Amino acid sequence: MEKQMRIRYAPSPTGQLHIGNARTALFDYLLAKHYKGVFVLRVEDTDVARNIKNADLDQINDLKWLGVEIDEGAFVGGPYGPYFQLERLEIYKKYVDILIKEKKAYHCFCTEEKLENDKQKQSKKGNMAFKYNRTCYKLTPAEIEKKLKLKTPYNVRFLVPENTTYKFKDLIRGDIEFKSLDIGDWIIQKTNKIPTYNFAVVIDDELMKITHVLRGEEHISNTPKQIMIFEAFNWKIPTFGHLTIIVKENRKKLSKRDNDYLQFISQYRELGYLPEAILNFLALLGWSPGNEKEIFSKDQLIKMIDEKKFSKSPSVFDIKKLQWINSKYIKEMNDIDYINFAKPFLEKYFNLDKKNKDWINCFLITYKKEILYADQLKTFAKPFFENTPSEKIDLSDINFHKELKEQLLMKISDCKNFSPDDLKSLIKEIGLELNIKGKELYMPIRIMCSGAQHGPELNNVIYLLGKNKVIENIRNFNYE
Ligand code: GLU
C-alpha cells in the first residue's frame with residue numbers, strides 16, 4: 001500500500017493571511033482530504049526581524065474561518081512537534097554538525113564587508129548572480145579551530161556538489177532541472193545560529209514525514225537547494241508541486257504592495273464576504289473542474305480536486321467573479337442565517353434604536369438580492385436613515401395617470417397597518433381602479449414614493465420609508 005499522504009502548509013508569521021497563501025493552504029488541505037491524508041501546519045518563524053506578534057495565530061484563525069482545518073501542527077499539536085521552527089533550533093544544529101563532520105558543509109568566517117566586496121568584483125566582471133568564492137573552504141582544520149576559539153562569528157555554508165543536475169518532477173509543471181554550476185555554496189546556518197529557510201524546511205519535512213510539498217511558484221528556485229540537503233542525508237525527496245502565480249486583469253503579477261487590491265482574507269470578512277464563497281473562489285484560482293461549472297461546496301471540492309487539473313498558466317484575480325460568487329451564496333442562505341450575518345453590517349453604521357425587529361428584518365431581506373457583499377447594505381440603507389437628495393429622473397418617457405397621485409395619497413393616508421402586505425394590496429387596488437398595470441403602475445408609484453426609478457419590492461420600500469416620509473414625498477412630487 002502507498003504511504004499515507006502528509007502534506008504541509010508552512011506559513012511565516014510576517015503578516016496577515018494573504019489570498020495567495022490562503023490558496024496554497026486550501027489546495028494543500030483539499031489534496032490531504034481527497035487522499036485521506038494528513039494536513040500539517042508548521043510555522044516558519046526563523047526570519048526573526050520580520051516576525052509579527054500573533055500573526056501566526058491570526059492566520060490560523062482566518063484559515064479556520066474559511067473552513068480549512070488543521071489536522072496536526074502549530075497550536076493543535078501532533079507526534080512530530082514542536083511545529084514552530086524557533087523551538088527546533090537544537091534539532092537543526094544537530095544536522096548542521098553532521099554535515100560539517102561529513103565535510104558536506106563548512107564554516108565561513110568571511111565578514112559582510114568582504115562578501116560585499118567580492119560581490120562588486122564579480123558584478124564588474126559581468127556575473128550578476130553572486131557565487132561565494134570558497135575562501136573559507138580552503139582553511140585548514142587548525143585555522144578553523146583557532147578562529148572558533150577566538151569566537152569569530154561564522155556562517156555555515158553548504159558545499160554544493162560539482163557538475164550535478166537536480167531534477168524533479170513537479171506535480172503541476174512536469175520535469176524541471178537545475179544545474180549545480182549555477183548555485184554557489186549557500187548559507188545553511190547564519191551567524192546568529194539560526195538556520196536558513198532552505199535548510200530548516202528540509203529537516204522539518206523529513207522529520208515530520210512530509211510526502212508532498214505544494215506551494216507557490218516563487219519557491220521553484222529554492223527546490224534544488226532543498227533537494228541537495230535531502231540527498232546529502234540520503235533522505236527520500238518528497239513530491240513537489242508549485243502553483244502558478246496570481247495576476248491582475250492586466251496580466252501583471254499581483255504584488256502584496258498593490259494598494260488597489262484588497263489582498264488579505266480578513267479584509268474580505270470585514271466587507272461581508274462569506275467564507276464559503278471565498279473558499280469557492282480561491283479553489284478556482286489555479287484549478288478548474290474541466291467544465292463551465294463554478295459553484296462548489298467544500299465537500300464537492302474535496303471529492304473533485306485533481307492535481308492533474310491544476311492550471312499551468314497564471315491565475316487571474318477577478319474581483320467581479322468573487323463578488324458574483326459571494327452574491328450567489330448570500331442569495332442561497334436561509335433567511336435566519338442571513339439576518340444573523342447581515343445585521344451587524346447595518347448596526348455598524350446606523351443607530352437602530354428607533355427601528356423595530358420587523359423593520360430591520362424587512363430591510364435586510366429586501367436587500368438580500370441586491371448586495372454583492374454585506375457592507376453594501378450601508379449604501380442601500382442611507383435613504384432610510386438620512387435625508388438623501390433624490391436622483392434626477394427623466395420623466396418625459398413615463399406615463400403618469402392623471403388621478404394616480406391623488407389616489408395614492410388618499411390610500412396611503414388611510415392605510416392603518418402600513419405593513420408590506422397591506423401595501424401590496426393597496427397598489428393592486430389602485431391598478432384595478434385606474435385600470436393600469438405593470439410598469440405603468442409600479443414605476444410612477446415608485447418615483448413618487450421613493451424618488452428613485454428602480455429598486456427592490458416596491459411595497460417593502462414604501463413600508464421601510466414609513467408613512468410620514470412617503471406622504472411627504474408624494475406631496476412634494478411634481479410631474480414637471
Ligand atoms: N515559509 C514559506 C513561505 O511563507 C513557505 C515555504 C514552503 O512552503 O516551503 O513562503
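What you see is a predicted model, and the numbers here were worked out from it, not measured in a lab. Note that these values count all heavy atoms, side chains included, but never hydrogens, waters or copies made by symmetry. The first residue in the sequence is number 1, and the count goes up from there.
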Between Asp204 and Tyr83, do the side chains contain a donor N or O and an acceptor N or O under 3.5 Å apart? no
For the residue pair Asn21 and His18, confirm or rule out a side-chain donor-acceptor distance under 3.5 Å. no
Which is it for Leu207 and Tyr80 under the side chain to side chain contact (heavy atoms under 4.5 Å, CB included) test, yes or no, and what are the steps along the way? CA-CA 7 Å; Leu207 298 183; Tyr80 304 108; over 6 Å; no
Minimum heavy-atom separation for Tyr9 to Leu17, with atom names? OH-CD1, 3.7 Å
Cation-pi check for Tyr261 against Lys256: NZ or CZ below 6.0 Å from the six-membered ring centre and within 45 degrees of the axis, yes or no? no
Polar side-chain atom of Arg215 near backbone of Gly241 as donor-acceptor pair, under 3.5 Å: no
Examine the side chains of Glu217 and Thr244 and answer whether a donor and an acceptor come within less than 3.5 Å of each other. no
Worked verdict on Trp359 versus Phe350 for ring pair (Phe, Tyr, Trp, His ring centres under 6.0 Å): CA-CA 13 Å; Trp359 189 95; Phe350 302 99; 9.1 Å; no
Charged N to carboxylate O under 4.0 angstrom, Arg42 versus Asp205? yes
Any donor-acceptor pair under 3.5 Å linking the side-chain atoms of Gln226 with those of Asn198? yes
Separation between CG of Leu301 and CG of Leu26, rounded to the nearest 0.5 Å: 7.0 Å
Residues pairing under ring-ring contact (aromatic ring centres under 6.0 Å, His included) where one sits in residues 392-448, two or more places apart or in two chains, turn out to be Phe400-Phe477, Phe400-Tyr479
Here the gap from Ser255 atom OG to Ile246 atom CD1, rounded to the nearest 0.5 Å, amounts to 12.0 Å
Side-chain ion pair, Lys236 and Glu206, N-O less than 4.0 Å: no
Please walk me through it: do Lys308 and Asp306 pass salt bridge (Lys or Arg N to Asp or Glu O under 4.0 Å)? CA-CA 5 Å; Lys308 289 189 274 318; Asp306 177 356; 3.6 Å; yes
Salt bridge (Lys or Arg N to Asp or Glu O under 4.0 Å) filter on Asp358, not counting sequence neighbours, yields none
Nearest atoms (heavy-atom pairs only) where Val461 meets Pro456: CG2-O, 3.8 Å
In this structure, NE2 of His34 is separated from OH of Tyr29 (nearest 0.5 Å) by 13.5 Å
Thr211 side chain to Met5 backbone, donor-acceptor under 3.5 Å: no
Evaluate the ring planes of Phe178 and Phe168, with Trp represented by its six-membered ring, and classify them as parallel (under 30°), tilted (30 to 60°) or perpendicular (over 60°). parallel
So the side chain to side chain donor-acceptor pair (under 3.5 Å) pairs with at least one residue in residues 51-60 (sequence neighbours excluded) are none
For Ile330 against Ala374, the heavy-atom pair lying closest together: CD1-N, 4.4 Å
Do NZ/NE/NH1/NH2 and the carboxylate oxygens of Arg50 and Asp47 come within less than 4.0 Å? yes
Please report the interatomic distance CG(Leu465) to CG(Asn473), rounded to the nearest 0.5 Å. 6.5 Å
Tell me yes or no: between the side chains of Glu457 and Tyr463, is some donor less than 3.5 Å from an acceptor? no
Determine, step by step, whether Glu294 and Trp324 satisfy the side chain to side chain contact (heavy atoms under 4.5 Å, CB included) criterion, reporting the C-alpha distance in whole Å, the side-chain angles of both residues, the deciding distance to 0.1 Å, and the verdict. CA-CA 10 Å; Glu294 300 203 284; Trp324 173 77; 4.0 Å; yes
Could you go through Tyr373 and Tyr329, starting from their C-alpha distance and side-chain angles, then the distance that decides it, and tell me whether this counts as ring pair (Phe, Tyr, Trp, His ring centres under 6.0 Å)? CA-CA 10 Å; Tyr373 49 92; Tyr329 276 85; over 10 Å; no
For a quick test of your reading: what N or O donor-acceptor pairs under 3.5 Å do the side chains of residues 433-441 make, sequence neighbours left out?
{"residue": "Glu433", "atom": "OE1", "partner": "Lys411", "partner atom": "NZ", "Å": "3.4"}
{"residue": "Glu433", "atom": "OE2", "partner": "Lys411", "partner atom": "NZ", "Å": "3.3"}

Establish, yes or no, whether a centroid distance under 6.0 Å links the rings of Trp186 and Phe130. no
Any ion pair linking Asp62 and Arg269 (charged N to carboxylate O, less than 4.0 Å)? yes
Leu262 and side-chain contact (heavy atoms from CB on, under 4.5 Å): which single residue from Ile319, Leu271, Ile19 fits? Leu271
Quick one: do the Glu332 and Tyr338 side chains pair a donor with an acceptor below 3.5 Å? no
Salt-bridge criterion met for Lys33 and Asp71 (N-O under 4.0 Å): yes
Ring-ring centroid check Phe75 Phe84, cutoff 6.0 Å: yes
Non-neighbouring partners of Glu472 that pass salt bridge (Lys or Arg N to Asp or Glu O under 4.0 Å), sequence neighbours left out: none
Going through the distances and angles, do Asp258 and Lys253 end up as a salt bridge (Lys or Arg N to Asp or Glu O under 4.0 Å)? CA-CA 10 Å; Asp258 232 316; Lys253 190 175 188 276; over 6 Å; no
Check this for me, if you would: do Lys416 and Asp422 make a salt bridge, where the nitrogen-to-carboxylate-oxygen distance has to be below 4.0 angstrom? no
Would Arg446 and Gln453 satisfy side chain to side chain contact (heavy atoms under 4.5 Å, CB included), going step by step from the backbone distance to the final call? CA-CA 6 Å; Arg446 184 184 294 280; Gln453 203 167 356; 5.8 Å; no
Is there a donor-acceptor contact under 3.5 Å from the side chain of Arg173 to the main chain of His242? yes
Working note: Phe240 + Leu171, criterion side chain to side chain contact (heavy atoms under 4.5 Å, CB included); need CA distance, chi angles, decisive distance, verdict. CA-CA 6 Å; Phe240 288 103; Leu171 209 52; over 6 Å; no
Decide whether Asn326 and Lys321 meet the rule of one side-chain donor and one side-chain acceptor closer than 3.5 Å. no
Going through the distances and angles, do Lys248 and Asp260 end up as a salt bridge (Lys or Arg N to Asp or Glu O under 4.0 Å)? CA-CA 10 Å; Lys248 300 181 277 190; Asp260 293 342; over 6 Å; no
Ignoring hydrogens, what is the shortest heavy-atom contact between Ala277 and Leu322? Give both atom names and the distance. O-CD1, 4.3 Å
Could you list the residues that satisfy salt bridge (Lys or Arg N to Asp or Glu O under 4.0 Å) with Asp28, not counting sequence neighbours? none
Given Phe281 and Phe317, is the ring pair (Phe, Tyr, Trp, His ring centres under 6.0 Å) satisfied, shown in steps? CA-CA 9 Å; Phe281 171 74; Phe317 182 78; 5.5 Å; yes
